[in-house]
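First comes the structure, then the notes that go with it.
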Amino acid sequence: MVRRAASHRLEFEPAAIYEYPEHLRAFLADIPKLPGVYIFHGDSDVMPLYIGKSINLRTRVMSHFRTPEEAKMLRLTRRISWITTAGELGALLLEAQMIKNQQPLFNKRLRRNRQLCSLQWDGINRPEVVYARDLDFSASPDLFGLYASRRAALETLRKIADERQLCYGLLGLESHSRNRACFRASLGRCAGACCGKEPVSEHHSRLLEALEKVRVICWPWSGAVALVEEGPQETQMHIIHNWFYLGSVSHLDEAKELYSPPKGFDNDGYKYLCRPLLSGKYPIIPL
């Protein structure tokens, strides 16, 4: 495969020059057909090249060897290791934790978003953008949505207003004179809560109905819990506190050192764990 450069010289796509990585064949024989996390190691003992997960480690690792686009990573790989887990959830949690801690070269790096924000609304005043750096999102009520920036949060609020004929002025999206119709009301895009055409309570009711779909759930336990995941060859207890995944153990007496979560709010942990923890699918043991 070739492509024509701007200077009319032909350049080869590096991935097109693909040779089967024979130097890695010896590592493939023992990879199990079990859930878990796998690691491609290069020359560095500290930073892996790539970390991935699968419900079938052997099948997933072998798939990398049939992908010419990954030729560069395979050439740099010196060995492959893996860690089995009880199931898919354990693999997902461990992969995310390892990527954040080790920052592999070829992964899309999972970083804690220092600008993570939400919309906080008490049902009376206008919604406010609040930040995870200032507020404990795992314990703060009346938060709606998790956003990468203030702009993203306000854009969501603006979209809701457009869909439900809400007033930009009452939402704090633009300046507003009390008891006067806003410009959007004259265009029929605002139902008129700003000027008395509809009760403010109805305006707020439509807003809450929309926001309720993205309500951030406060951590519902007083401390850490163990989520029990049973697999084909092992059972793991994933230790969770304030939506942080702290680690996995085989016996509860091994979990004593894992009870304290880091500071801040783990957006990825919340995304991965909220539904499994509240669904009733897994046994939960308060610690």
Side-chain angles (χ1 to χ4, degrees), residues 21 23-42 45-67 70 73-74 77-104 106-108 110 221 223-261 266 268-287:
H23 65 292
L24 298 176
R25 188 183 291 275
F27 294 99
L28 302 180
D30 297 327
I31 301 178
K33 297 180 179 180
L34 293 171
V37 171
Y38 60 93
I39 308 100
F40 284 79
H41 302 271
D45 293 329
V46 179
M47 180 185 291
L49 295 174
Y50 184 81
I51 295 175
K53 66 167 184 350
S54 179
I55 58 172
N56 187 321
L57 285 168
R58 183 171 183 80
T59 298
R60 182 67 184 100
V61 171
M62 292 295 292
S63 72
H64 286 280
F65 286 65
R66 297 188 291 269
T67 308
E70 299 183 32
M73 182 183 76
L74 294 174
T77 300
R78 298 293 174 260
R79 63 186 178 90
I80 304 169
S81 66
W82 58 89
I83 303 169
T84 60
T85 60
E88 183 177 10
L89 180 60
L92 177 68
L93 295 172
L94 181 59
E95 179 202 36
Q97 183 186 67
M98 291 179 66
I99 290 175
K100 285 181 179 178
N101 291 341
Q102 300 183 41
Q103 299 289 292
F106 284 90
N107 281 93
K108 289 183 178 179
L110 293 174
W221 291 275
V225 301
L227 181 154
V228 181
E229 184 177 25
E230 297 184 5
Q233 292 195 1
E234 63 179 306
T235 296
Q236 286 184 309
M237 285 171 264
H238 308 307
I239 310 304
I240 319 294
H241 193 187
N242 290 350
W243 304 117
F244 276 98
Y245 167 65
L246 305 180
S248 300
V249 298
S250 299
H251 304 282
L252 285 181
D253 56 6
E254 301 171 358
K256 294 179 180 179
E257 297 182 0
L258 299 178
Y259 285 7
S260 298
D266 186 3
D268 295 306
Y270 180 84
K271 178 175 62 178
Y272 298 151
L273 288 165
C274 188
R275 182 172 295 178
L277 278 167
L278 302 179
S279 66
K281 178 181 178 181
Y282 299 95
I284 304 296
I285 304 172
L287 300 176

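Numbering starts at 1 and runs along the sequence shown.
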Salt bridge (charged side-chain N to carboxylate O under 4.0 Å, His left out) involving Arg78 - partner list, sequence neighbours excluded: Asp43
Do the non-hydrogen side-chain atoms of Trp243 and Tyr272 ever get within less than 4.5 Å of each other? no
Taking only residues two or more places apart in sequence or in another chain, which ones pass side-chain hydrogen bond (donor to acceptor under 3.5 Å, both in side chains) with Glu254? none
Residues in side-chain hydrogen bond (donor to acceptor under 3.5 Å, both in side chains) with His241, at least two apart? none
Applying side-chain hydrogen bond (donor to acceptor under 3.5 Å, both in side chains), name anything that partners Ser54, two or more places apart in sequence or on another chain. none
Carefully, step by step, assess Trp221 and Leu287 under the rule side-chain contact (heavy atoms from CB on, under 4.5 Å). CA-CA 9 Å; Trp221 291 275; Leu287 300 176; over 6 Å; no
Do side-chain atoms of Glu229 reach the backbone of Ala86 as a donor and acceptor pair under 3.5 angstrom? no
Restricting to salt bridge (charged side-chain N to carboxylate O under 4.0 Å, His left out), what partner residues turn up for Lys33, sequence neighbours left out? none
Taking the six-membered ring for Trp and the single ring otherwise, decide whether the centroids of His238 and Tyr282 are under 6.0 Å apart. no
Taking only residues two or more places apart in sequence or in another chain, which ones pass salt bridge (charged side-chain N to carboxylate O under 4.0 Å, His left out) with Arg25? Glu22
Is Ile80 close to Leu28 at the side-chain level, that is, under 4.5 Å between some pair of heavy atoms? yes
Run the numbers on Thr85 and Lys53 for side-chain contact (heavy atoms from CB on, under 4.5 Å), then give the verdict. CA-CA 10 Å; Thr85 60; Lys53 66 167 184 350; over 6 Å; no
